[in-house]
Student: 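Encoded as structure tokens, here's the structure I'll be asking about.
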Amino acid sequence: MGGRELTAPVPLPRVCYDRPVLEVARSLLGCVLERETADGVVAVRLTEVEAYAGAIDPGSHAYRGRTARNATMFGPPGHAYVYFTYGMHYCLNLVCAPAGTAEAVLLRAGEVVAGLELTRGRQPDARDRDLARGPARLTRALAVDRVLDGVDVTAAGSPLRVLAGGPVPDAAVLTGPRVGVAGDGALTPWRFSIAGDRTVSAYRPGVRRRRS
DNA sequence: CCGACGATTTCCT
DNA sequence: GGAAATCGTCGGT
């Protein structure tokens, strides 16, 4: 790698969850997500995230209002919104707007940077680079389920925490439409990922469907 | 490499 | 009743 030698601490991006959702999503790249259980700690460096803009965003769970499932999205920022989907998978979001504004960032993929042996045991057949590649595999790698819905990821001692990571320069950031969401267009950079990182999930366009 | 399909909860029409 | 912010497996090219 050709980067300059670091002889002094560099200013790390500070994740503030009440900024505009696209900014929060961008700033989460490179941050470290830590999950602590009785078995130990597994940590993932985030390589792919997506923004969901609440009530104004047809792709968001909050678009049609509050339900029992998405209630956490309407709460304060910095908390985990965990939902269950397709009858078998969990997905993890971070709420990132003041209470009442249901914006969130979906954590789609990351690189395991601690607890590799522990998380291998949770997915014995997966290659290491696939352990947290995709939103459902990421939650499985970290043993995240609905019990963690509403947890404050900014609190010390929380079972799920987000820490600042090394800076990710703009030149290394890719943006584009969200995975599996129809009608996203190319104008809004909903999805952010680290260019060339092998842990980023495969892109799949959303399918437009007719009303039944 | 690619596309099809099943698993099975939550929400919407 | 049917689709969904998904994934692993199967069969074809």
Side-chain angles (χ1 to χ4, degrees), chain A residues 17 21-22 24-26 28-29 33 44 46-75 79-97 101-112 119-150 153 160 174-193 198-212:
Chain A
Y17 294 97
V21 65
L22 296 179
V24 178
R26 164 65 179 86
L28 281 167
L29 286 181
L33 178 66
V44 157
L46 296 174
T47 59
E48 181 189 357
V49 299
E50 281 176 357
Y52 287 85
I56 64 166
D57 176 5
S60 171
H61 283 178
Y63 184 61
R64 291 171 186 84
R66 180 177 178 139
T67 65
R69 176 175 70 164
N70 68 19
T72 300
M73 286 186 87
F74 291 80
H79 291 243
Y81 164 48
V82 182
Y83 69 90
F84 187 66
T85 192
Y86 290 98
M88 51 173 46
H89 299 305
Y90 294 96
C91 292
L92 168 62
N93 300 249
L94 300 180
V95 178
C96 56
T101 304
E103 300 180 343
V105 174
L106 172 68
L107 308 185
R108 287 197 53 90
E111 172 195 4
V112 176
T119 199
R120 276 177 180 151
R122 293 172 180 157
Q123 303 184 82
D125 297 331
R127 293 174 296 179
D128 285 351
R129 64 170 268 230
D130 290 335
L131 285 167
R133 183 175 186 235
R137 281 183 294 224
L138 182 144
T139 58
R140 203 188 327 169
L142 297 178
V144 167
D145 63 19
R146 267 236 117 192
V147 172
L148 294 181
D149 184 62
V153 304
L160 190 66
L174 296 181
T175 67
R178 294 172 293 197
V179 174
V181 176
D184 252 14
L187 298 180
T188 305
W190 295 114
R191 181 179 187 236
F192 297 84
S193 64
R198 311 258 297 164
T199 67
V200 172
S201 74
Y203 179 69
R204 173 176 50 81
V207 185
R208 275 230 192 261
R209 293 177 172 86
R210 297 187 50 190
R211 290 175 45 193
S212 51

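Side chains included, hydrogens not; waters and symmetry mates left out as well; all remaining heavy atoms used. In the text below, chain A, chain B and the rest are named by the order of the sequence lines, each starting its count at 1.
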Student: Determine whether Met73(A) and Asn93(A) make a side-chain contact, defined as any pair of heavy atoms from C-beta on separated by less than 4.5 Å.
Tutor: no
Student: Let's see if you can work this out: which of dT6(C), dC12(B), dT10(B) has an atom nearest to the side-chain heavy atoms of Pro135(A)?
Tutor: dT6(C)
Student: Determine the interplanar angle of the Phe84(A) and Tyr90(A) rings, folded into 0 to 90°, and report it as parallel if under 30°, tilted if 30 to 60°, perpendicular if over 60°.
Tutor: tilted
Student: Taking the side chain as every heavy atom from C-beta outward, state whether Asp128(A) and Arg120(A) have any pair of such atoms under 4.5 Å apart.
Tutor: yes
Student: Count the heavy atoms belonging to other residues, nucleotides or ligands that lie under 6.0 Å from CZ of Arg129(A), then report whether that count exceeds 12.
Tutor: yes
Student: Just so I know, are the side chains of Leu160(A) and Leu92(A) near enough to count as touching, which here means a heavy-atom distance under 4.5 Å?
Tutor: yes
Student: With respect to the side chain of Arg69(A), which nucleotide from dA5(C), dC11(B), dT6(C) is positioned closest?
Tutor: dC11(B)
Student: So do Val181(A) and Trp190(A) actually touch side chain to side chain, heavy atoms under 4.5 Å?
Tutor: no
Student: What is the distance from CZ of Phe84(A) to P of dA3(C), rounded to the nearest Å?
Tutor: 19 Å
Student: Could you write nucleotides 8-13 of chain C as a row of B, S and -, 5' to 3', where a protein heavy atom under 4.0 Å of any base atom gives B, of only sugar-phosphate atoms gives S, and otherwise -?
Tutor: S-----
Student: Within this structure, what is the NE2-to-P distance between His89(A) and dA3(C), rounded to whole angstrom?
Tutor: 18 Å
Student: Between dT13(B) atom P and Tyr63(A) atom OH, what is the distance in whole Å?
Tutor: 11 Å
Student: Within the structure shown, what part of the strands sits under 4.0 Å from Arg178(A) by heavy-atom distance: base, sugar-phosphate, or nothing?
Tutor: nothing
Student: Which helical stems does DNA chain B take part in, if a stem means at least 3 consecutive Watson-Crick or G-U pairs with both distances below 3.5 Å?
Tutor: B:1-7 with C:6-12, B:9-12 with C:1-4
Student: Closest to the Val181(A) side chain: dT10(B), dC12(B), dA5(C)?
Tutor: dA5(C)
Student: Between C1' on dC12(B) and CZ on Arg64(A), what's the gap in Å once rounded to a whole number?
Tutor: 7 Å
Student: For the pair made of CZ in Arg66(A) and P in dC11(B), what is the distance, rounded to whole Å?
Tutor: 13 Å
Student: Return yes if some donor-acceptor pair links the side-chain N/O of Asp57(A) with the main-chain N/O of Tyr63(A) below 3.5 Å, else return no.
Tutor: no
Student: From CG of Leu92(A) over to C1' of dT6(C), roughly how many Å is that when rounded to an integer?
Tutor: 15 Å
Student: Quick one: which of dC11(B), dA5(C), dT13(B) gets closest to the side chain of Met73(A)?
Tutor: dA5(C)
Student: Taking the nucleotide of DNA chain B with the closest heavy atom to each, which residue, Arg146(A) or Met88(A), is nearer the 5' end?
Tutor: Met88(A)
Student: Expressed as a whole number of angstroms, how long is the span from Leu131(A):CG to dT6(C):P?
Tutor: 19 Å
Student: Do we see Tyr86(A) stacking on the base of dA7(B), given a limit of 5.5 Å between centres and 30° between planes?
Tutor: no
Student: Please determine whether a side-chain nitrogen or oxygen atom of Thr85(A) lies at a distance below 4.0 Å from atom OP1 or OP2 of dT9(B).
Tutor: no
Student: Just so I know, are the side chains of Pro135(A) and Glu50(A) near enough to count as touching, which here means a heavy-atom distance under 4.5 Å?
Tutor: no
Student: Whole angstrom is fine here: how far is it from OH in Tyr90(A) over to C1' in dT9(B)?
Tutor: 10 Å
Student: What I'd like to find out is whether the side chain of Leu94(A) reaches to under 4.5 Å of the side chain of Val49(A), using heavy atoms alone.
Tutor: no
Student: Applying a 4.0 Å non-hydrogen cut-off, can you work out what Gly134(A) is touching in the nucleic acid: base, sugar-phosphate, or nothing?
Tutor: sugar-phosphate
Student: Which value, in whole Å, describes the distance between the C1' atoms of nucleotides dC2(B) and dA5(C)?
Tutor: 23 Å
Student: Would you call Leu138(A) and Glu48(A) a side-chain contact if the rule is heavy atoms closer than 4.5 Å?
Tutor: no
